[in-house]
Structure formats: C-alpha cells, structure tokens
**Q** 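Please see the structure below; I have some questions.
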Amino acid sequence: MEHKTMCNAMEMQNDYADSFGCRTFTGNVMLQYLAADVFESLQETIHKGKPLDPAIANSVADAMKDWALSQGCTHYTHWFQPLTGTTAEKHDAFLEPDSTGGVIAKFSGSMLIRGEPDASSFPSGGIRDTWEARGYTAWDATSPAFILPNEKGGTLCIPTAFVSWTGEALDKKAPLLRSIDIINKHAMRILKIFGTDQGVNCVNTTLGLEQEYFLVDEEFVANRPDLMICGRTLIGAMPPKGHQLDDHYFGKIPERVLAFMDDAERQLCELGIPIKTRHNEVAPGQYEIAPTFEKANVAADHQLLTMQILRVKAREHGFICLMHEKPFAGVNGSGKHNNWSISTDAGVNLLYPGKEPQDNLRFLTFICAVMRAVDLHAGLLRASVASAANDHRLGANEAPPAIMSIYFGEMLSDVLDQVESGESRDSRKGGTLDLGSSTMPKLNRHSGDRNRTSPFAFTGNKFEFRAVGSTSTIAWPNTILNTIIAESLDYIATSLETTLAGSDSAEHRDTEVRKLLQEIVKNHRRVVFDGDNYSQEWHDEAAARGLPNLRTTPEALPLLTSEASLALFKNYNVLNNRELNARGEVLTEKYITQVKIEARTLLQMLSTQVLPAALRYQLELSQVVATSKEASIVCHRTAGRLHDIAELADSLQASIETVSLAESFECDDVAEHAREISTSLLPAMLRARDVSDHLELLVAEDLWPFPSYADMLLYR
C-alpha cells in the first residue's frame, strides 16, 4: 500500500471483474443498470460511509434482478456468516405466480433489504432458544452482490448481516461493521487534531490476506476417515522426506496444480477478488494464494469466497483442498496472515512512515495507538485466534508463539528510543546493497528486516497479524483488532482534545503530542520485541515483563468474557454483553465438539483398522517364527520383531481404552469441560497416535489400511 498512490479498492474490483467477465454488481454494471442519481446515492454509502437511503432500494433491487436474469440466474439469496464459522444461504426464486395463472419475475426493495431465514438452528450461545426461530438478514450495501454460476444458470448472492428477532448479532459481519465505524470515528478525531481531516470523508481499515492450504489427491483422502471428517490426520508416521531440504518453498509449481490455480483464479477474478500472488509454500503439497488489499469488510467476504472457490475447483482437478491449520503433524502448518492497515478515503495510508518518521507525529500517533492496544489487550488478541485447530500450529516452526508481541524493526525501534528519551536525530536509513558484480543492479534496502516469528509485525506500511489460523473467518479477529485500536485512538484523542482546548498553536499541539506519545512508549513498550520469538530466552523475558502466554484455547477464551472485555465492547457498541458472552460460549462449545469428534474418529480408526492390521501382521510373523523353529532355523531378529509388534498391539488396545474413557467425560460447565479435554483427552490421543505411528513403521505395507504421509504429501 503505497503512500497517496493506493488504488481505490472498488475500482480494483471493477477492473478485475471487467477483465474476466463481470459477476459482481459494481462499477460498469451499476452504471449500465442504475439511474445516475441512484448510482451516486449508492456510491456515497459504499465509498464515503454515508447512511443508505431507503428510497433507492426498489431501484437497486430491480436493477440487480434484471442483471442477474441476464446472466442466467434463477434464484437469489441473502449470503451471510453465522457463528458456525462458514457461510449460509437460503435460495428464493425470482419467479412468482401472477393473477392470470402465469409467472412474473419479482425482486423488490424490501426483499433486497431484509430476508428472514430460520435462526433457531444456528449457534447463538443462548441468545435464542430452539423454539425462537425468527431471524433477519440485512443488506450490506458496502460489499458488492455477486453471482455464483451453476449448471442451470446461477444464484445472485447478496452479502448481508444476520441478527435475531431481538436485533442482537448472530453473525460475524455485524460486529465487524460496527468496529469499522468506531475506528473511523476516532481516527477522524486524530486527523482533526492534526488538521488533516479536510477532504476526508472517512477512514477505512484495509486488509490483505495470505491464504495457505494443502492439496491432496482425492483418492487418498477418500481412504482417510480422519481427513474426511476432521480435516487433519489423527495418525501418520513421518515420511523419510518432508521439508528438510527446503526444496518445495517457492519451487516450480506442478503442472496439475497450476491448472487448478488458473481455474480458481479466473473465477475469483470474475468475482472481483484482486488475486495477486501464488506460490509453493514450505511443506510438500502446500501452497499460498494472496490478493492485494481491500477494505476490511469486503476483504472478509472475499476471503470466505476464496476458500469456497478453492475447495470447489480443487475437486474438479482431482484434489481435496485442506485448510486445516495442521493437517499433517511434524510438517509446516497453514495460517492466514492478516495484513492490516488504515487509510483515508483519499488514499493516504496512515501507517506510512515517510522519509523522516521521527518527525511524522501523525504516523507516530497511530503506531503508538496500535502498540498500546496490543499491550493492554494481548490476551484478548490471542483469544481472537483461539481454536482447537490453531492450538496445533501456534509456536511451531511456521507460526508465532501464543505470546502476543509487536515487531517494529531497527528503524522504528530507534524512533521509539527518540520518542521515549525526548531527543531527536535522523532516523536510520535502509541504504543500498552492492551485490559485487558489475552487471547486477544496486538494490534499495528497507530500513528494517522482517521477523517471521513475530505474531504482530510492522512491515513498512501495515501490520501483519501472523497468528490467524487458515480456517478462520477473518471478520472475528479483525473485529477485535479494530475495537482495541479504536479504544487507544479514543484515549489519545480525548487526552489531546483536553490539553489543546482553546489553542490553535501547531507548536503547542506538537509539544503535547510528543509528551503523550512519550508516556505511551514508556508504559507500553514492554510488548515490543524484535528478536527470535521461538527462543526460550524470549519466553522467560516475556514472563518477566508480565506478558500473557495463553498456550491453549481453554486458557485464552475466558479473556473474551472478562469484565474488562465486556465493558470494552459494550462501551464502543460493537457487542453488547449478551452478544459477547454468546460468542465465548459458542467458541468454547465448538472447541469441545471438535476435539470429541476427532477422538471418536481416532477410536474408530484404531479399533477397526489399525489394530486388526497389527494383529494380522502379528499372526503372519508368529507363523514364520513357528515354521522356522520346526525347520530348526534360527530367527532371533524375526522373533524380536514379533515381540515388538505384540507389545505395541497390546499398548494400542490400552491406549484405545484410555482415549475412550477421556472422551466420555461430560460436564455442564463448558469452560471446565474444555479444560478437561485439553489436559486429559488431547494427551491421551497423542499417546495413542504415537503407538499407531510406531506400528505403521513396522507393519507390512500391504496390510496397513491408510495412505501414508509420503503418498499424500509427495504424489502430484
């Protein structure tokens, strides 16, 4: 995101969609189907955050209908994001009976603005009882409607929020939109203090998401109940070759995979998703796709669409697309790196340091606001990415640890030194790199390195939140991120408005800003760490600094519903207490349910397939040993192998019993139940897996019931 040269997100979507065959109701399509005054009114809402004019709803609905019918659509749907973590849709036909016995295509403004799906069967965390079924979907005009094609035509999908009959949010979009509003409100106050609010209608948070995923041959997945049911392998011995040689990363993309990528990207571009990057990731069979940045709300919708399209297109090419955070133990897991920034609607990136960042007080104000937010709400930020799947990934060699810290790099850390000390000097520069050959160009070097072990790293003009899991709906962590940063912007704006009341002096303003930023740096710099986040030294130092290290989801989720969190979200009208408590309960219950499903799947695999395979091999070996003895053939090593198999088979049966007992635990207190699962069931599953993996390395290949890691990771 370049300073003052950022492309408008909607214009970028239009360019992509127009280039590949438009399937989004934006730009040129709107101009073709909407009257000029209606178009302008809708643009005011989309680009400037103005309230939607209800008077234009019928015109927009009629235009959407005509466009959708021209594209072969037969149905429309309000496309929403319930607390399941996926998307939901109920399709309605455009055609309705008329009074003459015929049919007529109908889609009114009221149909566009409000839908009414059943709200009783979605997770609500106690907001709705089963018998309380009424819920509403509300049109989000800031995210473009789109068409998903099918063999018979297509479906017009209208992004919407989802609320209960009481008006409480039952989805991920409504809180995200509220958090975007609140960060806009307080960022505009900061701009006004610096006198840079002229010509600015609103401040937008922007996101660029890097999606990592695995591709596994469909035939192998069909023979792996764990992958089919859980999305990850519950057993599996490491192959002789994983990613030890680092030869897959950024290597040549296999032709079959490239064909899949081409198909997926073409459809994504038709939907206005500005796909930019693709490459091999670290692990064999692992890949990454990334768009350029977009407004946060649109990016959240597009991220869900991206995951959906990747899964669908993968099957067309004989693959299954795995997005679990850790589908294969012992090899690189998958994240969704959340590149967050903040900019004006005039295209000015507020996180751009400029040539002299030590004197760029507006930039330093936003940087210090982020630092303060992460320090004060580190546990809440960790809770935003908490899940059973992500627990397997955090702290491994491809993901940051559970300790939330910020990486600023040499230049910004030096600037913070200046802010804290009150001294000013030239900031560090990146300089150039001479590669030592006359034919090679000299390269401009950034002023700071990048830190891949940091959970929250400044990367030049944005922050990369690396702890987000690959299956996450990014609306939720960004709702939390926006809210905690808005609180810091509010704190700074209120402090400065008080001290600057009645003063128009720029010099007085700058003095007060520096004093406040100095205080913030002194109080909150403990969250900044520029070293190796994996090192034990950092873990020890973080503990000494008082930074939380919430290693598991049951440790992290209670932070969501602490008194401080409830007050924070209520105060900023992002989530009321019932809405936030509901999310804590839903996420905790999901953790319990997910791990118990995995445990039952593991028990079935071990009991009905692994154990019988081990016993068959034990029988074969016992027959070999017995026959050898009858023939007076010495076979001590074969007898030893038989003994090992017999012991492992016996250990496996004991492990099955232990897992079964731990899985049967029940408790009415969901928080206590989650803790028990974390401390008892998961360790029991790991011990059972260890026995099974030892057996896999010994049992004859023709008897082993499942495709191996080598099959799944290396076959293309």
**Q** Does a side-chain N-to-carboxylate-O contact under 4.0 Å join R382 and E555?
**A**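 Result for this pair is no, no salt bridge flagged.
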
**Q** Charged N to carboxylate O under 4.0 angstrom, K515 versus E512?
**A**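 Yes, charged N to carboxylate O under 4.0 Å.
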
**Q** Are a donor atom and an acceptor atom from the side chains of T494 and R189 found within less than 3.5 Å of each other?
**A**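 Present: a donor and an acceptor within the cut-off.
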
**Q** Does K336 pair with E210 as a salt bridge, N-O distance under 4.0 Å?
**A**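 No, K336 and E210 are not salt-bridged.
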
**Q** Any donor-acceptor pair under 3.5 Å linking the side-chain atoms of R393 with those of N390?
**A**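 Judged by distance alone, the side chains do pair up.
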
**Q** Would you say E288 and T277 are linked by a side-chain donor-acceptor pair, where the criterion is simply a distance under 3.5 Å?
**A**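 Judged by distance alone, the side chains do not pair up.
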
**Q** Output all residues satisfying side chain to side chain contact (heavy atoms under 4.5 Å, CB included) with T588, sequence neighbours left out; order by chain, then residue number.
**A**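 Side chain to side chain contact (heavy atoms under 4.5 Å, CB included) list for T588, sorted by chain: L557, I592, V670, A674.
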
**Q** If we count only N and O atoms by modelled type, under 3.5 Å, do the side chains of N339 and T459 hold a donor and an acceptor together?
**A**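 T459 and N339 do not have a side-chain donor-acceptor pair below 3.5 Å.
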
**Q** Between R362 and T196, does any side-chain donor sit less than 3.5 Å from a side-chain acceptor?
**A**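 Side chains of R362 and T196: pair found under 3.5 Å.
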
**Q** With salt bridge (Lys or Arg N to Asp or Glu O under 4.0 Å) as the criterion, how do R525 and D417 come out once you've worked through the C-alpha distance, each side chain's angles and the decisive distance to 0.1 Å?
**A** CA-CA 10 Å; R525 195 173 182 178; D417 288 340; 2.7 Å; yes

**Q** Any side-chain donor paired with an acceptor under 3.5 Å for T206 and N204?
**A**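 No donor-acceptor contact under 3.5 Å links the two side chains.
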
**Q** So, for P175 and L575, which heavy atoms are closest and what is the spacing to 0.1 Å?
**A**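 Minimum heavy-atom contact is CG-CD2, 3.5 Å.
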
**Q** How about Y491 and H186: are their ring centroids closer than 6.0 Å?
**A**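 Centroid distance Y491-H186: not below 6.0 Å, so no.
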
**Q** Mind telling me whether F456 and F463 have parallel, tilted or perpendicular rings, with 30° and 60° as the class edges?
**A**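 Geometry flag for F456 against F463: parallel rings.
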
**Q** For K172, is there an ion pair with D301 - N to carboxylate O distance below 4.0 angstrom?
**A**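 Answer for the salt bridge query: no.
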
**Q** Between the side chains of N533 and S405, is a donor N or O closer than 3.5 angstrom to an acceptor N or O?
**A**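 Result is yes, a qualifying pair exists.
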
**Q** Could you tell me whether R545 and E541 make a salt bridge, using a distance below 4.0 angstrom between a side-chain N and a carboxylate O?
**A**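 Salt bridge flag = yes for E541 with R545.
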
**Q** Are the side chains of Y407 and L412 in touch, meaning some heavy atoms are under 4.5 Å apart?
**A**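 SC-SC contact between Y407 and L412 ruled out.
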
**Q** Salt-bridged, D391 to K326, with N to O below 4.0 Å?
**A**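 Salt bridge flag = no for K326 with D391.
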
**Q** Using distance alone, with no hydrogens and no angle criterion, decide if E356 and Q358 have a side-chain donor and acceptor under 3.5 Å apart.
**A**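 Present: a donor and an acceptor within the cut-off.
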
**Q** Are more than 12 heavy atoms from other residues, nucleotides or ligands located less than 6.0 Å from atom CD of Q536?
**A**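 Counting neighbours around CD of Q536, more than 12 heavy atoms of other residues, nucleotides or ligands fall under 6.0 Å, so yes.
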
**Q** My understanding is that only one of R178, K570, R128 makes a salt bridge (charged side-chain N to carboxylate O under 4.0 Å, His left out) with E579; could you say which?
**A**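 Single salt bridge (charged side-chain N to carboxylate O under 4.0 Å, His left out) partner of E579 among R178, K570, R128: R178.
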
**Q** Just say parallel, tilted or perpendicular for the rings of Y287 and Y213, cut-offs at 30° and 60°.
**A**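 Geometry flag for Y213 against Y287: tilted rings.
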
**Q** Looking at H337 versus F465, is the centre-to-centre ring distance below 6.0 Å?
**A**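 They do not qualify: ring centres at least 6.0 Å apart.
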
**Q** Any side-chain donor paired with an acceptor under 3.5 Å for E294 and H302?
**A**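 There is such a pair between these side chains.
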
**Q** For E487, is there an ion pair with R372 - N to carboxylate O distance below 4.0 angstrom?
**A**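 Yes, R372 and E487 are salt-bridged.
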
**Q** Apply the test salt bridge (Lys or Arg N to Asp or Glu O under 4.0 Å) to residues E598 and R232: give CA-CA distance (whole Å), side-chain angles for both, the deciding distance (0.1 Å), then the verdict.
**A** CA-CA 9 Å; E598 290 181 351; R232 77 176 182 104; 3.0 Å; yes

**Q** Tell me whether the rings of F569 and W476 are parallel (<30°), tilted (30 to 60°) or perpendicular (>60°).
**A**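 The rings of F569 and W476 lie parallel, inter-plane angle below 30°.
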
**Q** Between Q286 and S334, do the side chains contain a donor N or O and an acceptor N or O under 3.5 Å apart?
**A**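 Yes, side-chain donor-acceptor contact under 3.5 Å.
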
**Q** Could you check L381 against L481 for side chain to side chain contact (heavy atoms under 4.5 Å, CB included), going step by step and ending with a plain yes or no?
**A** CA-CA 7 Å; L381 198 59; L481 184 59; 4.1 Å; yes

**Q** Under the 3.5 angstrom rule, does the side chain of N360 hit a backbone N or O of F363 as a donor-acceptor pair?
**A**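 Answer holds: yes.
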
